[in-house]
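Here's the structure we're looking at; comments come further down.
Source: prediction; values computed, not measured. Numbering of ligands and ligand atoms starts at 1, following listing order. One is the number of the first residue; the rest follow in order along the sequence.
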Amino acid sequence: MSTFIATLQPAGLQFAAPASMPLLQAAVRAGIRLAASCRNGTCRTCMCRLTSGSIRYHIEWPGLLAEEKAQGFILPCVAHAASDLVIEGVFE
Ligand code: FES
């Protein structure tokens with residue numbers, strides 16, 4: 001499986017994002033804390049926006065509306081990188 005580079009904006013932090021691992025878990029592995037609660041794609045605490053690149057979900061119905069998906073919102077607790085990518089949100 002491939003490993004991609006994820007960039008967090010506006011902080012500019014980067015971490016390795018293996019396709020085999022949710023983005024949230026990859027960030028934690030790199031010492032970066034993202035807001036999260038359920039970690040299974042239902043609570044939406046982790047919701048942030050993908051501004052560049054692509055992701056894949058390994059679950060059928062992540063807790064996003066079709067309109068939100070169309071606007072680029074993702075749930076990094078269940079989203080896996082499918083390319084180098086940039087996400088915007090609040091990170092610690
Ligand atoms: S942590 Fe609950 S949807 Fe991501």
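When all heavy atoms are compared, the tightest approach of Ala35 to Leu24 is O-CD1, 4.4 Å.
If you take CG on Leu64 and NZ on Lys69, they are separated by 6.5 Å, rounding to the nearest 0.5 Å. Here CD1 of Ile32 is found 9.0 Å from CD of Gln14. Values are rounded to the nearest 0.5 Å. Gln9 contributes atom CD, which lies 14.0 Å from atom CZ of Arg49 (distance to the nearest 0.5 angstrom).
Looking at Ser83, its side chain does come within 3.5 Å of a backbone N or O of Ser54 through a donor-acceptor pair.
With waters left out, the protein N, O or S atoms under 2.8 Å from atom 4 (Fe) of ligand 1 add up to 2.
For Arg44, the salt bridge (charged side-chain N to carboxylate O under 4.0 Å, His left out) test picks out Glu68, with sequence neighbours left out.
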